[in-house]
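No experiment lies behind these values; they were computed from the predicted model shown. What's counted below: heavy atoms across the whole structure, side chains too, no hydrogens, waters or symmetry copies.
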Amino acid sequence: MGGEPGRDPASRPGTAPPLLIACALGIERFALRSGDRGGAPGPVTVVRTGMGPAHARRTVARVLGEERWADAAVIASGFCAGLAPGMHPGDLIVAEETRGPDGTTPCVGTELLVKALVRAVPGRTVHTGPLSGSDHVVRGPERAALRATGAIAVDMESAATLLTAREAGRLGSGPDARPVAAVRVVVDAPEHELVRIGTVRGGISAFRVLRAVLPAFFEWHRSLLLPRR
């Protein structure tokens with residue numbers, strides 16, 4: 001799709017900056033790469049980081065350190081655990097910000113992503129709010145504690161991915177900072193805890209939703225051509 005690290009995307013005048021979609025697992029990458037690839041306004045790559053914040057930081061920093069991807073906008077995606085009662089596998093999470101031990105990263109274009117996802121995946125509930133980061137799988141009382149902070153979902157890579165993206169390269173942290181976003185699909189929730197992704201109905205449902213999100217990502221990508229306020 002669009003290109004892999006190591007290939008020159010050859011950006012054309014008038015196109016959006018490159019887009020890097022980062023996920024942790026092979027099954028997530030497969031879902032994202034096998035979705036509808038039409039409509040990308042610029043070079044796109046889907047990178048598997050490996051599980052956990054350390055792997056996410058290392059991989060994202062490496063890719064953005066390459067000249068051809070240095071200006072890329074970044075979306076963290078894949079599966080997550082929902083924290084709010086009433087969530088179901090296949091629900092979508094659009095982060096307003098990501099929270100981790102090293103800080104909070106605000107996301108760009110949350111409202112646009114919500115509208116685009118409603119069109120791309122009709123019938124699925126889209127939740128917005130803070131997305132918390134963890135260095136391990138969170139269950140039981142830990143989930144309740146995170147929910148008490150206002151977080152609506154948790155995963156192990158998004159916070160590290162977006163913070164690293166904001167800190168990497170030449171784009172800085174001012175008004176021209178690198179655009180970042182996080183979109184996750186709930187694979188388990190308080191009333192629907194799963195043991196292994198893909199072995200039960202909820203995991204399959206989440207996989208199918210993840211395959212359908214690319215048009216929304218590309219709409220967000222196109223919006224970067226517009227002046228940001």
Side-chain angles (χ1 to χ4, degrees), residues 1-4 16 18-49 51 56 72-84 86-96 98 107-129 131 152-158 161-162 179-189 192 194 196-225:
M1 177 193 306
E4 292 295 322
L19 174 62
L20 167 64
I21 303 171
C23 58
L25 304 175
I27 191 172
E28 295 169 334
R29 187 171 184 263
F30 178 73
L32 289 162
R33 286 177 59 85
S34 62
D36 182 358
R37 304 182 186 186
V44 180
T45 189
V46 180
V47 175
R48 177 186 174 186
T49 65
M51 288 183 65
V74 175
I75 295 179
S77 194
F79 303 127
C80 70
L83 299 176
M87 286 184 171
H88 297 87
D91 284 4
L92 286 145
I93 302 294
V94 180
E96 294 175 342
T98 57
C107 296
V108 172
T110 297
E111 184 176 347
L112 184 150
L113 272 169
V114 169
K115 292 177 179 177
L117 287 165
V118 168
R119 289 190 290 271
V121 198
R124 292 292 179 176
T125 302
V126 183
H127 307 267
T128 61
L131 176 60
I152 63 169
V154 59
D155 74 84
M156 292 194 288
E157 297 82 26
S158 291
T161 293
L162 298 198
V180 296
V183 177
R184 292 275 171 172
V185 180
V186 174
V187 74
D188 65 347
H192 303 273
L194 305 183
R196 288 194 300 164
I197 293 170
T199 61
V200 294
R201 185 175 180 179
I204 295 170
S205 174
F207 176 85
R208 289 173 175 165
V209 172
L210 192 59
R211 286 191 65 185
V213 299
L214 283 179
F217 289 6
F218 296 158
E219 187 169 338
W220 180 85
H221 193 194
R222 282 193 297 274
S223 78
L224 303 181
L225 290 167

The side chain to side chain contact (heavy atoms under 4.5 Å, CB included) partners of A181 (sequence neighbours excluded) come to I75, L113, W220

Closest heavy-atom pair, V209 versus G90, reported as atoms and distance to 0.1 Å, is CG2-O, 3.6 Å

When every non-hydrogen atom of P41 is compared with those of H221, the smallest separation belongs to CD-ND1, 3.3 Å

Between the main-chain N or O of C23 and the side-chain N or O of T49, is there a donor-acceptor pair closer than 3.5 Å? yes

Taking every heavy atom of M156 against every heavy atom of M51, the minimum-distance pair comes out as CE-CE, 3.1 Å

The side chain to side chain contact (heavy atoms under 4.5 Å, CB included) partners of T128 (sequence neighbours excluded) come to V94, E96, T110, V114

Next item on the list: Assess whether side-chain contact (heavy atoms from CB on, under 4.5 Å) is satisfied between R48 and R33, documenting all intermediate values.
Entry: CA-CA 11 Å; R48 177 186 174 186; R33 286 177 59 85; over 6 Å; no

Beyond-backbone contact of H88 with D91, side-chain heavy atoms, under 4.5 angstrom: yes

Contact check, side chains of I152 and L83, non-hydrogen atoms, under 4.5 Å:
no

*So, do V186 and C80 sit near enough that their side-chain heavy atoms are less than 4.5 Å apart?*
yes

Closest heavy-atom pair, F207 versus F30, reported as atoms and distance to 0.1 Å, is CZ-CD2, 3.6 Å

In residues 116-124, what donor-acceptor pairs under 3.5 Å come from side-chain atoms, sequence neighbours left out?
| residue | atom | partner | partner atom | Å |
| --- | --- | --- | --- | --- |
| R119 | NH2 | E219 | OE1 | 3.1 |
| R119 | NH2 | E219 | OE2 | 2.5 |
| R124 | NH1 | S205 | OG | 3.4 |
| R124 | NH2 | S205 | OG | 3.1 |

Q) Is any side-chain heavy atom of E28 less than 4.5 Å from a side-chain heavy atom of L210? A) yes

Side chain to side chain contact (heavy atoms under 4.5 Å, CB included) filter on A182, not counting sequence neighbours, yields A76, A95, T98, L131, S158, L162

(request) Kindly indicate whether the side chain of F217, heavy atoms from C-beta on, has any atom under 4.5 Å from the side chain of V44. (result) no

